[in-house]
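This report refers to the structure that appears directly beneath it.
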Amino acid sequence: MVEPIPQKTSERALERVERILGRALAHASGRDIDDQQVGVARLADLATRAQAARDLLARSAEAGESEREQAAVFAGQVAADAEQLVRDHGPEHGLADEPADTALLAHVREALREDRVRALGLRAAERRGRNETPLDELLELTRASVREFGDSEIAPHAERIHRGDLLVPESLLEKMGALGYFGLSIPEQYGGAGMGNVAMVITTEELSRASLAAAGSLITRPEILAKALLAGGSEAQKQRWLPPIASGELMVGISVTEPDVGSDVARVACRAERATRDGVAGFEITGPKAWCTFAGRADILAVLCRTDPDPAKAARGLSLFIVPKERALGHAFECLQPGGGRLVGKADATPGYRGMHSFTLAFERWFVPADHVIGEEAGLGRGFYLQMGGFAAGRLQTAARATGLAQAALERTAEYVSDRRQFGRPLIDFQLTQYRLGWMATRVAAARAVTHAAAEAMDQDERAAAPRAAQAKLLACRIAVSVTQEGQLLHGGWGYAEEYPISRYVVDAQVLPIFEGVEPILQLKVVGRSLLPERP
Ligand SMILES: Cc1cc2nc3c(=O)[nH]c(=O)nc-3n(C[C@H](O)[C@H](O)[C@H](O)COP(=O)(O)OP(=O)(O)OC[C@H]3O[C@@H](n4cnc5c(N)ncnc54)[C@H](O)[C@@H]3O)c2cc1C
């Protein structure tokens, strides 16, 4: 039996991490991030893990013993990472004279004892990986009902959709719409449930546990567009677009990326030019777009376009349009407008994240009326900022998607290592299996804690908490990749068989650190920038 680590001891360890981080960040101040990318990425990672450790510790105080032990182990690992930063990169981060803290090192060794981690693995196996983190009553009810929906309505179809590269069935969209899943954080006055970000992440997590692509990700796009509309739409636009988005009557696609423009969003080139059609004033959209998920089935696309051709305007020359189109259910489509507009889409084949299809698009003089610019005339030139605000909400939702997927991998793996026998014993009887499962459970708990805490912070102040959402996305997506791969390994050869869902979880997880800010961009331009706010 290992002695539990007192919470105070973990808190002291994290204070030391804060001190090291504070010194390293002060040292990095005053220099351009691009001149120190590797160092800033390292600090962004450490700051993110430290945030997760604090969140996990705060939450575990109210939970059971194994949750408290997970928090102590995770905090111990973050403290070890900080000591490693001093040891391996001290001079680079202005920490050459930082003395080693022998008491802290003793704590790290105690926290990271292998028998402590193995005990967590055994506990996870006993629970068959289930997430029973305590919640308040209303959220508990939300989680229970979405979990039931995921198990009965989504999970049975997930494998078929993935293997057949099929579109999510209409019946599922209808049921999700009726349950209000597309409008969870849209205010009630605009037809949403007005439940806020915490309920949204809990719902997303449970839907993604059943299927990342065929359920949890369906609410990303409405979430992003709704946030952009709430931040920058006119009152008439909010009343017109938010209720049908919340009810699921209108499915949404988000179209920012172009074949030659990815992370450098300010350079979006797809243009929207003023035009009049049938006496209606508006814009014609012309140009290519890439990776527009769900563009075929979507009824409306939020398209970021250049309305001011002056290259010097960069981000200030962009506007965000709501672009209606006909539904198309296949892997390729062509839509035509009576006045000559054309929109062509072709899905790009992907190893995972199937169910919505992601399309390369070509707009040719595609007409939209002037009141489809978010913010109308006043919204011209504000598209970049509205889109980025939408992405902040999208990142929180993606952190929840990642947590749900990692949770699914934990459950399948806990079940597998309990049931599978080798050398005459269940796999979970082996120490190394216990240890690896213990780390899986701890990482999933950290992903959940950082995501839920970011959601609470977003409910307080969305703008101020945007870096917290980015940190949650950064960490949870990385955890989803590592936990799904670890789960696959613990399944042995069967983990590579399509017949076992863990093989799907692995390919689904790999996309998570790519979209809504590919990992290096999040490290440098979102999290790094927020840690060094005065820097260019
Ligand atoms: C399945 C899938 C679905 C998607 N769905 C959507 C969608 O619905 N709507 C949408 O608009 N987009 C979508 N995307 C696009 C996604 O958001 C972009 O792929 C992502 O933003 C990265 O852009 P990129 O692919 O052009 O990579 P690039 O910007 O070319 O970056 C490639 C790599 O270059 C490096 N890099 C780039 N810039 C820097 C820098 N300044 N400093 C250091 N390193 C750098 C990084 O290592 C980065 O990983 C989707 C993508 C995928 C794969």
Side-chain angles (χ1 to χ4, degrees), residues 32-42 44-45 162 165 212-214 216-225 228 251-270 287-298 300-305 318 320-321 323 325 331 345-361 363 383-384 386-388 390-395 397-398 401-402 405 470 473-474 477-478 480-481 504 507-529 535-536:
D32 193 317
I33 288 175
D34 279 347
D35 294 337
Q36 45 175 343
Q37 286 199 342
V38 176
V40 171
R42 202 181 277 137
D45 281 347
H162 171 69
D165 195 12
L212 175 78
S217 301
L218 284 169
I219 56 181
T220 315
R221 274 139 286 280
E223 191 64 26
I224 293 174
L225 178 53
M251 287 290 138
V252 180
I254 303 289
S255 189
V256 175
T257 308
E258 298 178 359
D260 296 327
V261 181
S263 305
D264 193 1
V265 174
R267 282 186 203 271
V268 154
C270 180
K289 287 282 181 185
W291 291 113
C292 185
T293 301
F294 217 31
R297 168 60 181 82
I300 50 172
L301 305 178
V303 186
L304 190 63
C305 297
L318 300 177
L320 189 56
F321 287 81
V323 178
K325 60 169 276 297
H331 287 79
K346 185 175 177 306
D348 291 280
T350 55
Y353 197 55
R354 294 169 174 173
M356 292 181 291
H357 313 327
S358 297
F359 290 81
T360 296
L361 301 176
F363 289 91
F384 179 85
L386 295 175
Q387 186 65 62
M388 290 302 138
F391 274 153
R395 284 181 191 132
Q397 202 263 344
T398 299
R401 291 195 272 169
L405 182 59
K473 198 249 173 200
L474 181 64
C477 292
R478 195 179 282 162
V481 171
R504 166 166 52 92
V507 287
D508 277 355
Q510 281 165 348
V511 77
L512 292 167
I514 293 177
F515 48 42
E516 284 161 26
V518 68
E519 187 178 283
I521 297 295
L522 272 193
Q523 288 170 312
L524 299 174
K525 300 206 178 287
V526 187
V527 177
R529 216 174 248 173
R535 294 301 102 218

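In listed order, ligands and their atoms are each counted from 1.
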Is there a donor-acceptor contact under 3.5 Å from the side chain of Gln387 to the main chain of Leu320? no

Which N or O atoms of ligand 1 sit under 3.5 Å from a protein N or O, and how far apart is each pair?
from, atom 1, to, atom 2, distance (Å)
ligand 1, 5 (N), Trp291, O, 2.9
ligand 1, 5 (N), Thr293, OG1, 2.8
ligand 1, 8 (O), Ile254, O, 3.4
ligand 1, 8 (O), Trp291, O, 3.3
ligand 1, 8 (O), Thr293, N, 3.0
ligand 1, 8 (O), Thr293, OG1, 3.3
ligand 1, 9 (N), Ile254, O, 2.7
ligand 1, 9 (N), Trp291, O, 3.2
ligand 1, 11 (O), Val256, N, 2.9
ligand 1, 11 (O), Thr257, N, 2.9
ligand 1, 11 (O), Thr257, OG1, 3.1
ligand 1, 12 (N), Thr257, OG1, 2.7
ligand 1, 12 (N), Trp291, O, 3.4
ligand 1, 29 (O), Ser263, N, 2.9
ligand 1, 29 (O), Ser263, OG, 2.6
ligand 1, 42 (N), Gln37, NE2, 3.1

Output all residues satisfying salt bridge (Lys or Arg N to Asp or Glu O under 4.0 Å) with Asp165, sequence neighbours left out; order by chain, then residue number. none

Could you give the distance from CG (Leu304) to NZ (Lys289), rounded to the nearest 0.5 Å? 5.5 Å

Value rounded to 0.5 Å, distance of CD in Glu223 from OG in Ser217: 12.5 Å

Just list the side-chain donor-acceptor pairs under 3.5 Å for residues 508-522, sequence neighbours left out, or say none.
from, atom 1, to, atom 2, distance (Å)
Asp508, OD1, Tyr353, N, 2.7
Glu516, OE1, Thr398, OG1, 2.5
Glu516, OE2, Thr398, OG1, 3.2
Glu516, OE2, Arg401, NH2, 3.3
Glu519, OE1, Arg478, NE, 3.3
Glu519, OE2, Arg478, NH2, 3.0

Just grab all the salt bridge (Lys or Arg N to Asp or Glu O under 4.0 Å) pairs involving residues 345-357, residues at least two apart or on different chains. none

